[in-house]
Novice: 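Below you will find the structure I want to go over with you.
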Amino acid sequence: AKMFVAGYEDEAKFELTANHTLSILERYVGVKPTDVALEIGCGVGRVGKVLSKRITKWIGTDISGNMLTY
């Protein structure tokens with residue numbers, strides 16, 4: 001699934017890019033421990049994996065059942 005979505009499977013690279021996205025969210029939107037986030041098109045949960053540690057609840061949705069299963 002990761003190869004299909006991003007073209008690579010390297011977990012460290014996934015975490016690096018997820019942390020970059022999280023830093024953008026923190027800078028422009030703000031991320032608080034009391035937040036609940038709905039991510040539409042979450043794919044394999046790259047961003048959700050790091051974001052969910054900083055907020056009350058993360059909900060990921062995707063049109064692909066295979067991505068959600070992963």
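Numbers for residues simply follow the sequence, beginning at 1. Only heavy atoms go into these numbers, but all of them, side chains included; no hydrogens, no water, no symmetry mates.
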Novice: Give me the other members of the hydrophobic cluster that Leu38 sits in, counting Ile, Leu, Val, Met, Phe, Trp and Tyr linked by side-chain heavy atoms under 4.5 Å, directly or via other members.
Specialist: Val36, Ile40, Ile59

Novice: For Lys32, what residues pass the side chain to side chain contact (heavy atoms under 4.5 Å, CB included) criterion, not counting sequence neighbours?
Specialist: Thr34, Asp35

Novice: Looking at every heavy atom in both Ile55 and Ala37, which two are closest together, and how far apart are they?
Specialist: CD1-CB, 3.6 Å

Novice: Under the salt bridge (Lys or Arg N to Asp or Glu O under 4.0 Å) rule, what pairs show up with a residue in residues 18-27, not counting sequence neighbours?
Specialist: Glu26-Arg54

Novice: What pairs with Glu15 under side chain to side chain donor-acceptor pair (under 3.5 Å), at least two apart in sequence or on another chain?
Specialist: none

Novice: Hey, are the side chains of Tyr28 and Leu25 touching, using non-hydrogen atoms and a 4.5 Å cut-off?
Specialist: no

Novice: According to a 4.5 Å side-chain heavy-atom criterion applied to Ile, Leu, Val, Met, Phe, Trp and Tyr, with indirect links allowed, do Val47 and Val29 form part of one hydrophobic cluster?
Specialist: yes

Novice: Spell out, yes or no, whether Trp58 and Val50 are grouped together once hydrophobic residues are joined by side-chain heavy atoms under 4.5 Å, including indirect joins.
Specialist: yes

Novice: Under the side chain to side chain donor-acceptor pair (under 3.5 Å) test, which residues partner Thr17, sequence neighbours left out?
Specialist: Arg46

Novice: Are Thr61 and Glu39 side-chain neighbours, meaning at least one heavy-atom pair lies under 4.5 Å?
Specialist: no

